[in-house]
Asks: 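Right, I'll just put the structure down here and ask away after.
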Amino acid sequence: MAKIIAGIGSSHVPAIGAALDNGKTEEPYWKRVFSGFEKSKEWMAKTKPDVAIVVYNDHASAFSVEMIPTFALGCAAEFPPADEGWGPRPVPVVKGHPALAAHIAQSVILDEFDLTIVNKMEVDHGLTVPMNLLFGQPKDAWPCPVIPLAVNVVMYPPPTGHRCYMLGKALRRAVESYPEDLKVVIFGTGGLSHQISGPRAGLINSKWDKSFLDNLSKDPKKLTRIPHLEYMREAGAEGIEMVMWLIMRGALDDKVDEVYRFYTVPASNTAVGHIILENARKASSTRKVAGKSKRGSAGKSRQAAARKSIHRIASKGTR
Ligand code: DHB
Ligand code: FE
């Protein structure tokens, strides 16, 4: 079966992409930022995931403000970089994993999370910058297929942190009911504290950010109770992007190993946060624990029935 082995949190500041694209990584300002990702690139090169699910937000690049899905799952075979005003970034086209994405859509929707299915989509810095930070700057192709999950955090109302966390759990059930053995990593991107416009432009709140990272690692349920207004007040208007990290966290074990953390201020207007969390549970015990899920019995049997039918469809060769 497929398995989520680790979660990665990373900021997605567009100026980081511009620094990479324009060869500025050795400048002291940018070296401070990129040096924090050297170990992470080594970790990723060693981990060699088969697929990455990247939870990110579109910044009115793919969807504009005329149509804003709350949760949109990229099911296409490929996702070209978006033109964000200076032409598309010179990064490889992101290849998808349509079979796993379709399976996730089916599983998660039958699990009562009504995602938007997207069969054609461009991806902006929200996705491509964290890809660079963890996978470096490949010229021709990214090292693994990617399933983008776009979350609305640009126009009120974004989803709650709790909803995001629960979606992470549904994603995990989806991945673990996919019959092929695949090592999957999940990214939560955006944040940390930043506010780009208005009287509080430039706001950064390191104390709040660090406590968010501590709780993300050790007590994520506490974070699910943070209301939108607290994100806005404490982490700035764009700090609301941090709810996306809770999707990543929800997809992991309750107890995780924090294997890496990095925090630096600022990059452009933003506090850069980065964390790598590994699932501590061994592969052999995964099935047992997954089978002993604490969900209510009605939900459990509905899930089981839905998953059985998914298995049947998958084994009939839709993948
Ligand atoms: C900045 C950060 C973002 O997350 C973003 O989407 C746009 C700009 C910034 O720090 O400038
Ligand atoms: Fe952003």
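Order of listing sets the numbers, starting from 1, for every ligand and every atom in it.
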Asks: To the nearest 0.1 Å, how far is atom 9 (C) of ligand 1 from its closest protein heavy atom, and which atom is that?
Replies: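 I find the closest protein heavy atom is Ser268 OG, 3.4 Å.
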
Asks: Tell me whether Pro14 reaches ligand 1 (any heavy atom closer than 4.0 angstrom to a ligand atom).
Replies: yes

Asks: One thing to verify: whether Glu176 and Arg172 come together as a salt bridge, which I'm taking to mean a side-chain N less than 4.0 angstrom from a carboxylate O.
Replies: yes

Asks: Which N/O/S atom belongs to Glu241 and is the closest one to the Fe ion (ligand 2)?
Replies: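 Atom name returned: OE2.
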
Asks: Determine whether any heavy atom of Pro266 lies closer than 4.0 Å to an atom of ligand 1.
Replies: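 Distance cut 4.0 Å: Pro266 fails for ligand 1.
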
Asks: With a cut-off of 2.8 Å, does His194 place any N/O/S atom under that distance from the Fe ion (ligand 2)?
Replies: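 So His194 does not count as coordinating the Fe ion (ligand 2).
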
Asks: Looking at the rings of Tyr231 and Trp208, which for Trp means the six-membered one, are their centres under 6.0 Å apart?
Replies: yes

Asks: Starting from atom 6 (O) of ligand 1, which protein heavy atom do you reach first, and at what distance in Å?
Replies: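 Sorting protein heavy atoms by distance from atom 6 (O) of ligand 1 puts His59 NE2, 2.7 Å first.
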
Asks: Return the closest protein heavy atom for atom 3 (C) of ligand 1 as residue, atom name and distance.
Replies: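 Looking at atom 3 (C) of ligand 1, the protein heavy atom closest to it is His194 NE2, 3.5 Å.
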
Asks: Near His125, which atoms of ligand 1 are under 4.0 Å from a heavy atom of that residue?
Replies: 5 (C), 6 (O)

Asks: Report the C-alpha separation of Asp209 and Ser193 in whole Å, then their side-chain angles, then the decisive distance to 0.1 Å, and conclude whether the side-chain hydrogen bond (donor to acceptor under 3.5 Å, both in side chains) test is met.
Replies: CA-CA 7 Å; Asp209 288 341; Ser193 56; 2.7 Å; yes

Asks: In terms of residue, atom name and distance, what is the protein heavy atom nearest to atom 10 (O) of ligand 1?
Replies: Thr270 OG1, 2.5 Å

Asks: In plain terms, say whether Asp21 and Arg89 are close enough for a salt bridge, that is, a side-chain N and a carboxylate O under 4.0 Å apart.
Replies: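 A salt bridge links Asp21 with Arg89.
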
Asks: Should you measure from each heavy atom of Glu241, which atoms of ligand 1 turn up under 4.0 Å away?
Replies: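 So the atoms of ligand 1 that pass are 4 (O), 6 (O).
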
Asks: For His228 and Thr160, which I'm curious about, is there any donor-acceptor pair between the side chains at under 3.5 Å?
Replies: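 Their side chains do not contain a donor-acceptor pair, so the 3.5 Å distance test is not met.
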
Asks: Which of the atoms of ligand 1 are close to Asn269, meaning less than 4.0 Å from one of its heavy atoms?
Replies: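 Here the atoms of ligand 1 in question are 9 (C), 10 (O), 11 (O).
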
Asks: Under 6.0 Å between ring centres, would you say that holds for His97 and His103?
Replies: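 No.
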
Asks: Can Asp254 and Lys169 be counted as an ion pair, charged N to O under 4.0 angstrom?
Replies: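 Between Lys169 and Asp254 there is a salt bridge, with a charged N closer than 4.0 Å to a carboxylate O.
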
Asks: Would you please determine whether Glu238 falls within less than 4.0 Å of ligand 1 on a heavy-atom basis?
Replies: no

Asks: When you measure from the centre of the six-membered ring of Tyr29, is the NZ or CZ of Arg32 closer than 6.0 Å and no more than 45° off the axis?
Replies: yes

Asks: Kindly indicate whether a cation-pi arrangement holds for Arg163 with Phe113, taking the cut-offs as under 6.0 Å to the six-membered ring centre and within 45° of the axis.
Replies: yes

Asks: With heavy atoms of Ala267 as the reference, note each atom of ligand 1 found under 4.0 Å away.
Replies: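 Here the atoms of ligand 1 in question are 10 (O).
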
Asks: Against heavy atoms of Val13, which atoms of ligand 1 measure under 4.0 Å?
Replies: 10 (O)

Asks: Do Glu84 and His125 have side-chain atoms, one donor and one acceptor, less than 3.5 Å apart?
Replies: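 Note: Glu84 and His125 side chains meet the donor-acceptor criterion.
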
Asks: Is it true that some N/O/S atom of His125, main chain or side chain, lies under 2.8 Å from the Fe ion (ligand 2)?
Replies: no

